There are 2 protein chains.
Amino acid sequence: MTEPRWLNADERRAWLALLSINTLLPAALDNQLHTAGKVSLFDYNVMAMLSESEGRFLPMSELAARTSSSLSRLSHVVAKLEKRGWLERRPHPRDARVTTAHLSDVGMATLEALAPGHVEAVRTKFLDALTEREVNDLARIGEKIVARLDNDHWILRDTERRP
Amino acid sequence: MTEPRWLNADERRAWLALLSINTLLPAALDNQLHTAGKVSLFDYNVMAMLSESEGRFLPMSELAARTSSSLSRLSHVVAKLEKRGWLERRPHPRDARVTTAHLSDVGMATLEALAPGHVEAVRTKFLDALTEREVNDLARIGEKIVARLDNDHWILRDTERRP
DNA sequence: GTGCGTCACTTGAACTCTCAACCACGCTCT
DNA sequence: AGAGCGTGGTTGAGAGTTCAAGTGACGCAC
């Protein structure tokens, strides 16, 4: 067994920063969303992903991919949002294994009401700290990390590659 | 009320990447730690922070600061780790309000057994995706974001400023 | 057309986290 | 000395998350 390569100063800084962001940023945004409406960041994201899709619906597995979540977690959350009347689950007409989640009109209205406050928070808690160049760097670096973690992740789809 | 400023392409890329990293990276590392020993990333971090401190102990509030966690969350986790014999809580000799968490020898040994696999995972899941320059950029950008979220965050302490 | 493996989900139990309430101590002011 | 306030920490309940197991459906092999 060989001695592991410990982190050097920059690697440690990068790792600690990411670790901290990781707990602080969701907490800050969760907080804003929770006081604005009783919604978590994850709830918001689920609805946002649906709202951006053709017909405002997606199969559960696709929705799970777009929220980077497990099917199990998504299933529980969709059940909750369905109870609030913001979503509806329907069986897929062609493939009976598939369930599709549909954003209801009420859900869409809720999302639209929450959206301005949310993007504002994303700006003040995060983007406003950075220059345009840094935002671009972060996007590039972030996507490289995502690619490492999940090479087929949806955010990497059609970023300048396509038949 | 004015129209909110929605995100432009780069802002959106940066935000989505960070959001994805945020769920994928902890999951990946949690996974590694959980199969290596029954430990979460947060558990590991708590013990790592103690191991790096003078005397291997810290007051609960300082430990909470160094793990970016709430006192409440920390309290629950420390109770759990204490039950496993890896930590010990003692009253502070001078200030009876303060509890200090001490890393036990068994805890230290556990940590040392886990460390190589963990740093290896940090490398393969994250750092190896980046060039030296990108690691440096990420450290810089990450610290700016942390500063925006919590201006007194401990990782910003004594980074080239001091009497 | 009958198995048999895989896929798409769902469920319940165990665990974790958050939130609000609480307690005990120390500090300051009078 | 005692009142009142802020600090440091714990606790219990409720919400959320994970994990392992289970349920149908599809689809391919023979």
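Everything numeric here is computed off the predicted structure, so don't read it as measured data. The chains referred to below are lettered A, B, ... by the order of the sequence lines, with proteins before strands, and numbering in each begins at 1.
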- prompt: Out of dC17(C), dA24(C), dG9(D), which has the shortest distance to the side chain of L71(B)?
  reply: dG9(D)

Whole-Å gap separating [atom2] ([N]) and [atom1] ([X]):
X      : N       : atom1 : atom2 : answer
H92(A) : dT10(C) : NE2   : P     : 14 Å
L74(B) : dT18(C) : CG    : P     : 12 Å
R73(A) : dG12(C) : CZ    : C1'   : 18 Å
L81(B) : dT16(C) : CG    : P     : 10 Å
L24(A) : dC17(C) : CG    : C1'   : 16 Å
D30(B) : dC17(C) : CG    : C1'   : 13 Å
K38(A) : dT18(C) : NZ    : C1'   : 13 Å
L41(B) : dC17(C) : CG    : P     : 11 Å

query: Could you give the distance from CG (D128(A)) to NZ (K144(B)), rounded to the nearest 0.5 Å?
result: 11.5 Å

Whichever of V98(A) and D95(B) has its nearest DNA chain C nucleotide further upstream toward 5': V98(A)

- line: The residue, S72(A) or R94(A), whose nearest nucleotide of DNA chain D is more 5′ is S72(A)

Side chain proximity check, L18(A) to F126(B), heavy atoms < 4.5 angstrom: yes

task: Check whether the side chain of H76(A) and the base of dG12(C) form a donor-acceptor pair under 3.5 Å.
output: yes

field: Distance test, side-chain N/O of R89(B) to OP1/OP2 of dT10(D), below 4.0 Å
entry: yes

message: With a 4.0 Å limit, can you tell me whether K80(A) has a side-chain N or O closer than that to the phosphate oxygens OP1/OP2 of dA15(D)?
response: no

field: salt bridge (charged side-chain N to carboxylate O under 4.0 Å, His left out) between R148(B) and E134(A), worked out
entry: CA-CA 14 Å; R148(B) 166 64 65 134; E134(A) 288 169 334; over 6 Å; no

- prompt: Do I145(B) and L24(A) pass the side chain to side chain contact (heavy atoms under 4.5 Å, CB included) test, and can you show the C-alpha distance, the side-chain angles, and the key distance before you say yes or no?
  reply: CA-CA 10 Å; I145(B) 297 173; L24(A) 297 177; over 6 Å; no

message: Counting the atoms with a prime plus P, OP1 and OP2 as sugar-phosphate, which does T99(B) contact under 4.0 Å by heavy atoms, base, sugar-phosphate, or nothing?
response: sugar-phosphate

query: What are the two closest heavy atoms between L156(B) and D150(B), and how far apart are they?
result: CD1-O, 3.9 Å

